[in-house]
Amino acid sequence: MISTIHTLNILIPIFYFITFIVYLYDFQREDKNLSNSKRLFLFITLCTHLLYIILRTIEFDHPPITNVFEIFTLLAFSVSFAYFVLELVTDIRGTGMFIIIISIAFQTVSSIFIKDLSFVREELRNNLLGTHVFSALLGYAGITISAVYGFLFLMLYNQLKQNKFGLLFDRLPNLEILEKLCFYSAVIGFILLTIAIIIGVIWLPQSNLNFSYTDPKLLGTLLIWIIYGLGILRKIYGNLRGRKLVIVSIVGFILTISSTILSNFLAKSFHSFY
Amino acid sequence: MNLIGVSINHRTASVELRESLKLSTEEIVKLINSLKQSLLKEGLIISTCNRTEIIGITVSESVTFDSLISELLNLKSVDGISSESFEKFKSFSVIEHIFRLVTGIDSMLIGDNQIFKQVKESFQISDENNFIGFYLKKIMDFSLRIGKRAITETAISEGAVTVSFAAVQLIEKIFANLSKKSVLVIGTGETGEIAAKHLRDRGVVRLALTNRTFEKAEKLAKELNTAVFPFDNFKEHLHKFDIIVSATGSQDFILSKSDIEKTMKKRNYESLVIVDIAVPRDIDPDCRNLENVFYNDIDSLNIIVEQNLSKRRNEIPKVEKIIKEELNGFTEWLNSLQVSPIIKALREKFEAIRSEEVQNNINRFSNEDKEKLEIVTKKIINKILHNPTIELKKFANDESTQDLIRIKLSVIQEIFGINTVKEQEKFEA
């Protein structure tokens, strides 16, 4: 099984890359024949990736959540999976390449640095931790997708303002839809992040002796949660819309990435398990 | 088959001449009746704002292009039109011309799919007036198929190529659902009227009009069933609209940047699309710098039009490939016409021999064997004729010259003593 896992570890970034190329080609050429088949490419990639995650969990006897590179592979999967669901629900097919490229980045880093860890700390085998991590990752996937749509909104917004009617004008959905996708992805991300925080706050003090409310990861996550929460409230009850709304989403995403990097690589946190 | 065609179009005559020759349905029917009498056996008349064409199979070799032109000008006399105002087509070039026409690549506005509907209607009028015969029926089938193929297999008709369509294309890049948006059209002159009607056609429900001459706006509002505001106080209502289309004849700005600023404040900074299609412009272009305001004038809309036209031009080779394929198909069909009557005559001749011999000898067989005799003899005839039939069909697609094919066919007719003239007539009927 270990050789299969190693083979899949190499194949998955390649699969994501091929899927990206198919989406890119369709974005540029708008090939009617590719419109459906590109979704099949993504589906096959996601199935292969899911198989890889399951095999790792069985082989190493723990879910792949024990270090940043295991989390990266889950994040790569979550982002593309969330996009796949979004594409099926909304039937907006022109934006896949902008999302899949995020999965390529996370998965490539993961594939290069991931290690075969059979022995992990006992609390990392806890089911509640699994729920905490999965909801947090899906929340991050929502935030990531929201930021990508926010970025696309800004690009199209600027092109329309400058009377540039190029490829993005032809292929992207309209601003109203991009804003909606950005907002709803952020709302889903926020809800999942809320669940992750609640589980974390209840469970972590009991299971982790080093737990601290001043932990940088915890504070960073709280800050992100507050930003998104305020943004969502202002969108619903105030006048936060259009360009300003998507900027909040992008800022939230940048803070999320910064918080992850700081807490995992620079600061000493009980969230670092390796 | 002596197929000829004349066409007055954007390449050969001015818009005034083209317009003055446009025929109504009644006039087309009248022309069909006069052409049927002495000039054409079957034919087609296409008449739009941009072209008038007569295409058909002549009753004799003596019918010329000028005969058709004279007949047209007898019906609708227009000063300044001569034989030089017409393009002339003969034989195979007529078919190629119709095929190019239905795909829109011959139109002034490349890829204009209106022409496909117009040609289809023209065929229908000819058909209803018994002016479509054996050959034109086939040309019609091929033409309609090519028109559909060009639309589905290429992007020749995609993208907006008029200013009003470009405005809608642009608005649809900002808003998701036009039926939920409210639109104000300022100015109900010709341009404003076209824009208002076009927006209504695209599903805009909440449409309002305003015009310096209130009665004019009121008249159009009645026609389109929309609200109308007096021009003096329309600015007070600006914030209610998501889209403002302006097309007045004013020499100065009728809306300043500060007007739009105030409107945006009242709108809680929700997106506002401004389409200023007036020349000179009606709305201060500086308002494009305001947050969530999308200002577009005639120049920016023309950029979209030009880009789309350029994309359509790039599709022409794909359309020409389809035309070539279908022309080959048409040639094959045309060639098959020469051999089909021979195959039929050959089969009838053999069947007659078989049937006669069976009848002469039928009493020599028992009742049980009579049925078997029919089956066996038919099988023999089918087997004998199988190979000649295949070889004859190959003649239809033979790359040899028409003369050589004709010689080969006449040898076969000579050997088997078959006369296909009657068959040919029956076939075409």
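Just so you know, these numbers come straight off a predicted model, no measurement behind them. Just so we're on the same page: letters track the sequence lines, and every chain starts at 1.
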Least distance between heavy atoms, Asn292(B) atom then Gly242(A) atom: OD1-CA, 4.3 Å

Minimum-distance pair of heavy atoms, taken over all atoms of Ile174(B) and Asn174(A): N-CB, 3.8 Å

I need the residue from Ser271(B), Ala176(B), Gly159(B) with the largest number of non-hydrogen atom pairs under 4.5 Å to chain A. Ala176(B)

Distance in Å, [X] [atom1] paired with [Y] [atom2], rounded so as to fall on 0.5 Å steps:
X: Asn163(A); Y: Tyr295(B); atom1: CG; atom2: OH; answer: 9.5 Å
X: Leu160(A); Y: Leu170(B); atom1: CG; atom2: CG; answer: 6.0 Å
X: Ile304(B); Y: Phe165(A); atom1: CD1; atom2: CZ; answer: 4.0 Å

A quick test of your reading: do over 12 heavy atoms of other residues, nucleotides or ligands sit less than 6.0 Å from [atom1] of [X]?
X: Lys244(A); atom1: NZ; value: no
X: Phe165(B); atom1: CZ; value: no
X: Asn225(B); atom1: CG; value: no

Any [X] side-chain heavy atom under 4.5 Å of [Y] side chain:
X: Lys161(A); Y: Asn289(B); answer: no
X: Asn268(B); Y: Arg241(A); answer: yes
X: Phe169(A); Y: Gln169(B); answer: yes
X: Phe175(B); Y: Leu175(A); answer: no
X: Glu291(B); Y: Tyr157(A); answer: yes

Proximity breakdown for [X] and chain A, heavy-atom pairs closer than 4.5 Å:
X: Asn177(B); value: backbone
X: Leu290(B); value: backbone
X: Glu172(B); value: backbone

Of the backbone (N, CA, C, O) and the side chain (C-beta and beyond), which part of Leu178(A) lies under 4.5 Å from a heavy atom of chain B, both, or neither? neither

Is it the backbone or the side chain of Lys180(A) that comes under 4.5 Å from a heavy atom of chain B, or both, or neither? neither

Under the side chain to side chain contact (heavy atoms under 4.5 Å, CB included) rule, what do Arg288(B) and Gln162(A) come out as? Steps first, then yes or no, please. CA-CA 9 Å; Arg288(B) 63 159 56 100; Gln162(A) 294 161 17; over 6 Å; no

Could Glu176(A) and Lys173(B) be called an ion pair, given the rule that one side-chain N must be under 4.0 Å from one carboxylate O? no

